[in-house]
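Every chain is numbered from 1, with letters handed out A, B, ... down the list of sequences. Just so it is clear, the structure is predicted and the values come from calculations on it, not from any experiment.
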Number of protein chains: 2
Amino acid sequence: MTLQMTGRLAAEDRTELGDLCPIERASELVARRSTVLLLREASYGTARFDDFVRRTGLTESVTAAQLRTLVTEGLMVKQPYREPAQRQRFEYVLTEAGHDFVPILLALASWGDRHRPRPHRLRMVHAGCGAAVEVEVRCANGHVVGDDDVTVALRSRQRAATD
Amino acid sequence: MTLQMTGRLAAEDRTELGDLCPIERASELVARRSTVLLLREASYGTARFDDFVRRTGLTESVTAAQLRTLVTEGLMVKQPYREPAQRQRFEYVLTEAGHDFVPILLALASWGDRHRPRPHRLRMVHAGCGAAVEVEVRCANGHVVGDDDVTVALRSRQRAATD
DNA sequence: CGCCTGACTTGCGTTTTGCGTAGTCAGGGT
DNA sequence: ACCCTGACTACGCAAAACGCAAGTCAGGCG
């Protein structure tokens with residue numbers, strides 16, 4: 001699959017487009033091993049600090065720091081909670097933005113499953129039927145987007161402001 | 001969307017599962033800003049060294065180093081080519097593994113588009129109809145996978161070897 | 001034959017990321 | 001009143017990632 005740039009975009013230096021590119025803005029988060037691991041664990045339902053540390057293998061300091069940035073970035077919220085007959089604790093839960101990150105993780109999983117030869121023994125399956133989960137590229141009109149069907153377009157300034 | 005761990009996976013420390021997890025193996029590549037940028041440019045059709053440098057804003061040394069690892073990781077190949085009346089040059093082109101990376105980029109783009117408030121003016125659209133491109137999670141049987149429909153399963157050792 | 005250009009490499013400093021270890025701190029249980 | 005535990009913070013250090021600047025090298029042009 002390739003992406004076609006239209007019009008003047010094709011020739012332009014992308015440097016100045018920097019924060020106009022949604023990939024670049026999103027990958028600021030992914031560009032750290034720790035955040036991917038933490039988001040993975042959070043998607044698995046992990047909520048407590050200690051569990052994040054234990055299950056990711058990250059150190060406490062890294063975990064604390066990255067959880068904090070994930071909270072300030074709006075992917076998680078830190079909430080007080082209380083188990084019966086226990087004192088009050090804090091838990092980290094995914095926000096909507098955090099939940100929306102899961103397709104990225106699944107896309108990574110799908111790629112890793114296909115292209116990394118070493119046998120991973122974890123697979124993501126559909127709870128309903130047990131078949132492997134895949135990410136499919138479609139457009140808002142429901143068409144399946146094929147290999148050369150993606151165009152990168154420059155949004156007009158007006159629409160960008162209101163969108 | 002959340003991922004449900006089954007059986008003993010739920011309790012297990014994931015540390016030892018390390019290279020069993022396809023997300024972790026795939027994110028070794030993504031965990032660098034430079035690789036994401038280079039793969040993005042390559043998906044846009046960039047092939048020449050200088051263009052990678054100019055369009056990503058990375059330094060030459062970083063570009064050279066990361067292109068090399070992308071080649072050894074099997075996401076790109078370095079091929080000689082010759083423009084008419086020019087001397088022989090080298091170009092970097094995506095392999096199948098590299099092309100298969102595009103859905104990850106689109107998933108990132110889709111997330112960035114939705115959850116980063118600053119107006120990005122770049123959008124990915126379906127060349128056929130102009131509608132925005134989205135990534136959809138489906139299972140191999142074609143069912144749309146909903147919010148709580150993903151299960152993480154442990155593959156048996158036999159199947160893992162042949163799969 | 002010397003110069004230019006594209007494609008790198010080399011060297012150096014800075015920042016970020018991460019590990020390891022130790023210390024803190026608040027709330028509950030005993 | 002004291003201890004324990006979960007949830008951190010605070011060093012100090014190593015490695016990786018990135019930037020800046022300069023140097024190299026091969027092939028073609030004039």
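Candidate nucleotides D/dG19, D/dA7, C/dC8 were compared by shortest atom distance to the side chain of B/V62, and D/dG19 ranks first.
Classification of A/E73 and B/R116 as a salt-bridged pair holds, one side-chain N sitting under 4.0 Å from a carboxylate O.
Under the rule for a side chain to side chain contact (heavy atoms under 4.5 Å, CB included), the partners of A/A31 that lie at least two apart in sequence or sit in another chain are B/R33.
If you take CG of A/L58 and C1' of C/dT21, they are 17 Å apart, rounded to a whole angstrom.
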Q) So A/N141 and B/H126, side-chain hydrogen bond (donor to acceptor under 3.5 Å, both in side chains) or not? Walk me through it. A) CA-CA 9 Å; A/N141 290 341; B/H126 182 202; over 6 Å; no
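Contact between the side-chain N/O atoms of B/Y81 and the OP1/OP2 oxygens of C/dG6 is not found at any separation under 4.0 Å. OP1 and OP2 of D/dC8 both lie 4.0 Å or more from every side-chain N or O belonging to A/S61. Note on B/R32: a side-chain N or O is less than 4.0 Å away from OP1 or OP2 of D/dA17. A close approach under 4.0 Å does not occur between any side-chain nitrogen or oxygen of A/R48 and OP1 or OP2 of D/dG6.
Atom CD of A/E96 has 12 or fewer neighbouring heavy atoms from other residues, nucleotides or ligands inside a 6.0 Å radius.
Residue B/F52 is out of contact with every strand shown, counting any heavy-atom pair closer than 4.0 Å.
Nearest-nucleotide positions on DNA chain C place A/R33 closer to the 5' end than the other of A/E60 and A/R33.
With hydrogens and angles disregarded, a donor-acceptor distance shorter than 3.5 Å links the side chain of B/T63 to the backbone of B/T59.
Within residues 64-77 of chain B, no residue has any heavy atom under 4.0 Å from DNA chain D.
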